[in-house]
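Some notes on the structure that comes next.
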Amino acid sequence: MTSVNDLIRGAAAREAATRPPAGAGAGKPSGPVHRRPIALRATGPAVSSCDSGLAADPWVIDRVAGYGPGASTRDPIPGDAPRQGPLPASYTAASDEELHDRIVAAKAKLGDRVRILGHFYQRDEIVRYADFVGDSFMLAQAAKGHPEAEAFVFCGVHFMAETADILSDPDQAVILPNLAAGCSMADMATIEQVEDCWRELVFELGEEPDAEGRLPVIPVTYMNSSAAIKAFCGRNGGIVCTSSNARTVLEWAFERGQRVVFFPDQHLGRNTAKAMGIPEELMPLWRPHLARGGNTAQQLADARVILWNGFCSVHKRFTVEQIERARAEYPGVRVIVHPECPAAVVEAADGAGSTEYIRKEIEAAEPGSVIAVGTEINLVNRLQEQHPELTVFCLDPVVCPCSTMYRIHPAYLAWTLESLLAGETPNRITVSGDVAEDSRVALERMLAARP
């Protein structure tokens, strides 16, 4: 049986054999960046390459189970996770120049009927075609704000496309070019696990409000979760948050509840609660396969925030040692990180915030500034390109792109656009009526809870 490593090595060898010589194709799109390991810029404290598996095309990686190279091997993918069917050879065998020409031509013919949404973490070869670029919620809002579009091609991951479908009009199609583009963090909390957790919490904490009318527990879910879990929060008096408004959402929840259960990202929940003055001993970790999540009844009773045992594989890689190395090699460096990083990393940094916060911090920096960033490498590299007056580098010397975001390749985008031209709607993401309605309740509560 052929292993994934054999597939990857074979694909990489075929690419090397067919790659044109340096300098060929002047005036055409840049070379196949997606077919080379992602490397840090020379401005960073160390130069190293990412997992060589990412040199393979995603349709090779799509043939095997798992999230793909760069993801934690300890992140088990659910058995019912969507898988992408094979692409026609006319796309997988096409050159970068051919794919570029086909995408541009299809976009021109489709016009405003179809909008392409590109997440900040997408590879540059995709972002160049996007009509809107942003984080997951910014893109969902873009979908909601364009009723003239018949379809949105969401170049991100599955939970993002679900949110766009919930917030857009029912007759607008939301399409995910590669169904295998999921999210390991979102998959760390299934609706069955969350409902089991809720039953245990109700048994331990009851359902009656206190003298101030606050319920025993309020569910809060990060945007990086399935529509089913957003719907669960909508049904049970809960709410959704993003990394930019997590504090405001927790304040909203504490007005209504004595404690919060926060899923699926423990680090965003912990970092936000610590910034609000809540001590870590009042933030027990809920491990879904253990009774009471692995806690005592007293720990749950004393808790202010019950944290789900989930995380982002990319942001979990950042360490205090990386920050110390950056400070030693670049005196005066400013370190900014995403709040999905571990608490010790956030505390050692000069600032922490959402992707939009990181972008604005770099935009506001004085020329000549050196900024080390703890977040996904595609965004970091793009920010350096946009700000040549600064030195911007990633803290992690061996960091991979989000391995599931990486699955959105120009071949999938070309296939999607040309399918739409032919009157077909491939890979449509549809959230069922009841789930969409309850999810919308939780999302609308979030929209109303402004910082």
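On a predicted model such as this, the values are computed, not experimentally measured, just so you know.
Between K230 and E444 there is no salt bridge, since no side-chain N of the basic residue sits under 4.0 Å from a carboxylate O of the acidic one. E200 and R292 are not joined by a salt bridge, as no carboxylate oxygen comes within less than 4.0 angstrom of a charged side-chain nitrogen. Using a 4.0 Å cut-off between charged side-chain N and carboxylate O, D396 and R325 make no salt bridge. The existence of a salt bridge linking R247 and E251 is confirmed by a sub-4.0 Å separation between a basic side-chain nitrogen and an acidic carboxylate oxygen.
No donor-acceptor pair closer than 3.5 Å links the side chain of E366 to the backbone N or O of L390. In this structure, T404 contributes its side chain and A181 its backbone to no donor-acceptor pair below 3.5 Å. Between the side chain of R445 and the backbone N or O of G238 there is at least one donor-acceptor pair closer than 3.5 Å. Of the possible polar contacts, one joining the R440 side chain to the I166 backbone as a donor-acceptor pair under 3.5 Å is found. Between the E162 side chain and the A227 main chain, a donor and an acceptor come within less than 3.5 Å of each other.
A side-chain donor-acceptor contact under 3.5 Å links E340 and Y222. With no hydrogens or angles considered, no side-chain donor-acceptor pair links Q172 and D165 at under 3.5 Å. A side-chain donor-acceptor contact under 3.5 Å links Q266 and N309. For the 3.5 Å distance criterion, the side chains of E385 and N381 fail to qualify, holding no donor opposite an acceptor. There is a side-chain donor-acceptor pair under 3.5 Å between T242 and N245. Using a 3.5 Å distance cut-off with no hydrogens or angles, the side chains of H315 and T375 do pair a donor with an acceptor.
Under the 6.0 Å distance and 45° angle rule, R115 does not count as a cation-pi partner of F132. Remark: R123 qualifies as a cation-pi partner of Y406 under the 6.0 Å distance and 45° angle criteria applied to the six-membered ring.
With sequence neighbours left out, E212 forms a salt bridge (charged side-chain N to carboxylate O under 4.0 Å, His left out) with R214. In this structure E363 satisfies the salt bridge (charged side-chain N to carboxylate O under 4.0 Å, His left out) test together with R359, sequence neighbours excluded.
Aromatic rings from Y129 and H100 are positioned such that their centres are separated by under 6.0 Å. The aromatic ring centres of F263 and W286 sit 6.0 Å or more apart.
Across V431 and A436, no two heavy atoms sit closer than the pair CG1-N, 3.6 Å. Between P219 and W198 the shortest heavy-atom distance is CD-CH2, 3.7 Å. Residues N378 and Q122 share a closest heavy-atom pair of CB-O, 3.7 Å.
Taking the six-membered ring where the residue is Trp, W59 and Y412 present tilted rings, their angle falling between 30° and 60°.
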Open item on the list: Between I116 and C155, is the side-chain contact (heavy atoms from CB on, under 4.5 Å) condition met? List the steps.
Closed with: CA-CA 7 Å; I116 298 175; C155 297; 4.0 Å; yes
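In this structure, E281 places its CD atom where more than 12 heavy-atom neighbours from other residues, nucleotides or ligands lie under 6.0 Å away.
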